[in-house]
Amino acid sequence: MKRAYSEAIQGYAFILPALVIFLFTIFTPLVGTAVLSFANFELIAKSKWVGLRNFAHLVSDPRLGVIYGNTLRFVAILVPLHLVFGLLLALGVKSLADKRLISLYRTLFFFPVFVTTASVALAWLYMFSTSFGLFNYYLKLLGLQAVPWLNSPSMVYVAVAIFSLWKFVGNSFIYYLIGLQSIPITLYEAAKLDGASARRQFFRITLPLLTPTVFFVMTNLIIGAIQIFDEPYFITSGGPGDASRPIGLYIYETAFQYHNLSYGSTLALSLFLIILVVTLVQFSAQKRWVVYDNE
Amino acid sequence: MKRVLVSLAMSLAMAGIAIAAPVTLTLGYPSGDSKVDIMKDIVKEFEKRHNNQIKVNVVVVPIANQASAWGSYFDKLQTMIAGGNSPDVVRIAIEGIQTFVARDLALPLDEYMKSDPTALENYGDLAPKLQAPFVIGGKTYGFVWDWNNVVIHINTDLLKAAHLPVPGPNWTLDDFLKYAKALTGTFNGQQVFGFAVPNYYFGTEGWLYANGAGMLSDDQKRGALDDPKAMQVIQLFHDLIYKYKVSPVPDPQADPVNLLYSGKVAMIAAGRWPFGTYAPNNFTAVALQYIPLMASPRKVVFGCGAFPVVKATAHPKEAYELSAFLSGSYSQKTGIAIDSIPCRISVMKQVLPSTKGQNWQIFQQSADIALAVQSPPGYPEVAGIFDRYTSAVYADQMDVPTAMKKASDEMTQVLGSQNQ
C-alpha cells in the first residue's frame, strides 16, 4: 500500500512540469477566453458583464455560416491531400536504397516547413497573379485561358491547396517516414519468403502497422485545417469577398483588427468546442481501425 | 551643528540630483512605416536641444501592414498602457485619431499650447485644412507632420510610346478612358495595362470625392457607397477591368507602385509615397495629374499624421514639447524629404520642388482644396467591409448595386454601434 502510494507520488512528480506548463499556457488562457465571452472587455476602460449577449451575436451572425462552411471546405480539401501526398512521398523516399539520397530528399521535402510563410507567400502571390502571374504566363503560352487563381471563389481553394501542399506536406511526410522506418524489416523478409507481392506487403504489413501514425497525422491535420490561418491570411486575404475566409482569420480580424476581444473570444470558444468534439469522435473511432503493436 | 550641516548638504545634493536627472520619454512608432530609422535621428536632435535633459526611446510597435492595422496598433498601445509601459507620445495617422480620442487615450494639448507657445514654432505655418482632423470637439490632440493625397501617376515612357502628351488638369473621364485604352497593349514586347484600379480605401475615396461622393455620409454616421455617384465610381472600376479590359484584375496585396515603375501598368492612383520606391530604383519617368474631373468643384482627398500625447503619460509637459518638436520645421525637413508631403506651408515650399516628377506642383496646390479622408471611430472595421465587398466586385463575383448596398448597410450598423 505504502509502495503504491510512493509510486503514485513519483508519477505525479514526473508529470508536474508538463502539468504546470499546461495550466499556464493552455488551461488559464482557455478559462480567460471563456470569461471574456461573457463580458464587453476593454483593456483600459472598465469592462462590463454582458451575460449571453456575445453568444446571441454568435447565433445571429450572418457571416458565421459562410465562414464555418469555408473552414469545412479547407478541411475536406487539405486533409486528404496532405494524408495521401505525405504518405506517397514517404513511401518513395523509404524505397530508396542509397541512404545519402534518403537524407537529401528528407531535407528537400521538409525544407519549406522551416521557411517563414510570410516571405514565401510573396513569391507565390506573384506566381498566382491573374494578370501578371507565372502560372498564367505559361498557360497562355500553351494557348490556354488565364486562370483567376485568387479572384474566383472556387479557384482560390485550388491556389491555397497548391501552396499548402508545397509549404506543409513535409510535416506529414516526416511523420510517415519515421513510422515506416519503425516497422521491423523482418516482417517484410518473412513475407517475401512466403511469396507476398509488394502490393500485398503494403496492404497487409505497411498500412496496418502504420495506422497509429496515420491516426496521429490525421488528427493533427484536421485540427490544423480547422485552425487554418497562414495560407488565407497571406495568399487570399480571405477573399474574394468572404469566399476563402476561415474561422481562424475571422477570429483574428474580430479580436485584433476590429478590437472586439470579447466577441473574438466567443468565436474562439466555439472553435474550441468544435475541435474538442471532432477530436473526441476521432479518438472514439480509432479503436475500430488503428492497430497498435501490443494487440 | 555639524550633523545638521551634513544633512542639509546631503539634502541639497539629492535635490540637485533630482533636478538634474533627465526625463525619459517613449515614442511609440508603428512598424511598417519607412521612417522609423529617420525618427531615431530626429529625436537625437530633440535631446540635443534639451541639453540631454529629456531622453527619448523610440519603441517600434509591430503591426500588420494593412489598412485595418490601426486596430491592432491600438490594442498593442492599450496593452502597453495597461501593463504600465505606456508610451508618452505616439505616431498616429488620420485613420486612427478618432478611435484614439474616442477611447480616451489622447491628452488635449490646448493648455500646454497656451503656456508654452514657442514650442510650436509657428502654429499658423501648419496648413489649417491639414491640421483640422487633429482638432476634435474644439480640443487639439496633435500637430500634423506629414500628409498625402491621391493623384494620377503616369509612366511618361509609355506615354511617349503611345504618342500622348501629359494630360491637362481639367481632363475628363472620357479623356481618361482614351488614355487608358491607348496605353493598353504590348509595348517593348511587354503586356501593359492602362490603369491599375485603386482597390484600397484611401485611393478609392479620392475617386469618390472627385465624383462628389464619399465612402460615408457627411456626418460619418452611415455608409454611403450605395449612393448612385459612389456606385458610378465602383462600376467604372469594374468596367475598366471587364468591359474595357484596360486594368488588370487586382490581386490581394498587390503593389501598384511596383507595376507602374516596372512598366506593367501605365497609370496608378496614389499620393507622394511612391516616390519613396521610385527614388532607389532611379525611376523618374513619371508625370502627375489630378484625378479626372467628374464633378465640380474639384475635391482632393487627403490623409495626414501627427504625434499625439498619450493621456497616461507621467511627463505631459515634456511629452507636449516632443509632440510639438516632431511637427516642427527640422523634423519635417529631415523626415519628409521624399515620400510624403510636409504639413508646414514653409517646408512644403522648400521640399516639394525636389520631387522627381512632372507637375509636382499639384501636391502643394491640392492642400487648399483637400478634404480629409473619412475615418470615424471604428475605421478599421469600416475599411474591412470596404475591402470585402470591393474584392468581390473586382473578382466579378458580385454586381455593384448589391455589393454596395450590403457594404453600406454593414457600415451603418458598425458606425451605429460605435456611436452608442
Side-chain angles (χ1 to χ4, degrees), chain A residues 40-47 57 62-63 66-67 118 121-122 124-133 136-137 140 146-156 159-160 232-245 249-250 252-261 263-264, chain B residues 63-64 66-83 86 99 103-105 191 193 196 241 247-255 258-259 262 264-265 311-312 378-385 387-398 403 406 410 414 417:
Chain A
N40 182 8
F41 180 72
E42 292 285 343
L43 273 166
I44 294 177
K46 205 175 173 186
S47 302
H57 184 190
R63 295 174 64 197
V66 174
I67 280 158
L122 280 176
W124 279 90
L125 270 173
Y126 171 70
M127 291 195 273
F128 284 131
S129 170
T130 305
S131 304
F132 306 106
N136 281 349
Y137 171 77
K140 280 181 200 166
V147 174
W149 297 103
L150 304 176
N151 302 102
S152 141
S154 49
M155 287 314 294
V156 84
V160 166
Y233 179 76
F234 289 112
I235 299 282
T236 72
S237 302
D242 263 338
S244 63
R245 198 176 314 274
L249 187 56
Y250 189 45
Y252 167 77
E253 288 170 346
T254 305
F256 302 114
Q257 288 192 337
Y258 310 149
H259 33 81
N260 190 345
L261 288 169
Y263 186 53
Chain B
I63 59 167
Q66 289 172 351
S68 48
W70 285 108
S72 63
Y73 181 56
F74 291 137
D75 280 335
K76 279 172 184 150
L77 287 179
Q78 288 194 87
T79 310
M80 290 166 83
I81 293 167
S86 168
T99 309
R103 287 183 171 206
D104 201 24
L105 294 171
Q191 165 71 40
F193 287 94
I241 302 166
S247 295
V249 182
D251 293 316
Q253 301 172 31
D255 177 15
N258 184 303
L259 296 178
S262 61
K264 289 176 178 163
V265 156
K311 204 171 188 178
Y379 166 82
E381 202 164 351
V382 169
I385 294 167
D387 287 342
R388 189 149 41 86
Y389 283 102
T390 51
S391 76
V393 168
Y394 302 150
D396 206 22
Q397 299 301 323
M398 226 172 179
K406 285 188 172 184
E410 276 190 39
V414 166
S417 67

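Lettering follows sequence order; numbering is per chain, from 1.
Only the backbone of Ile235(A) comes within contact range of chain B, judged by heavy atoms closer than 4.5 Å. For Thr130(A), the parts sitting under 4.5 Å from any heavy atom of chain B are the backbone and the side chain alike. Heavy atoms closer than 4.5 Å to chain B are found in the backbone of Phe234(A), but not in its side chain. Of the two parts of Ala255(A), only the backbone, made up of N, CA, C and O, holds a non-hydrogen atom closer than 4.5 Å to a non-hydrogen atom of chain B. When heavy atoms are compared at a cutoff of 4.5 Å, Thr99(B) approaches chain A solely by way of its side chain, counted from C-beta outward.
Here the closest non-hydrogen pair linking Ser244(A) and Pro232(A) is O-CB, 3.6 Å.
The backbone N or O of Asn260(A) lies less than 3.5 Å from no partner atom in the side chain of Thr254(A), so there is not a single donor-acceptor pair. With hydrogens and angles disregarded, a donor-acceptor distance shorter than 3.5 Å links the side chain of Asn151(A) to the backbone of Pro250(B). Put simply, the side chain of Ser247(B) never gets that close to the backbone of Ala196(B): no donor and acceptor are under 3.5 Å apart.
If you take CD on Gln397(B) and OG on Ser391(B), they are separated by 9.5 Å, rounding to the nearest 0.5 Å. The distance from the OH atom of Tyr394(B) to the CG atom of Asp387(B) is 10.0 Å, given to the nearest 0.5 Å.
Most heavy-atom pairs under 4.5 Å with chain B: of the set Gly239(A), Ser129(A), Pro62(A), this distinction falls to Ser129(A). Contact count against chain A (heavy-atom pairs under 4.5 Å) is highest for Leu259(B) among Asp104(B), Leu259(B), Thr390(B). By number of non-hydrogen pairs under 4.5 angstrom with chain B, the leading residue of Arg63(A), Glu253(A), Arg245(A) is Arg63(A). When each of Asp242(A), Leu122(A), Leu125(A), Leu150(A) is checked for heavy-atom pairs under 4.5 Å with chain B, Asp242(A) comes out on top.
Using bins of under 30°, 30° to 60° and over 60° for the plane-to-plane angle, the ring pair Phe128(A)/Trp149(A) lands in the tilted bin.
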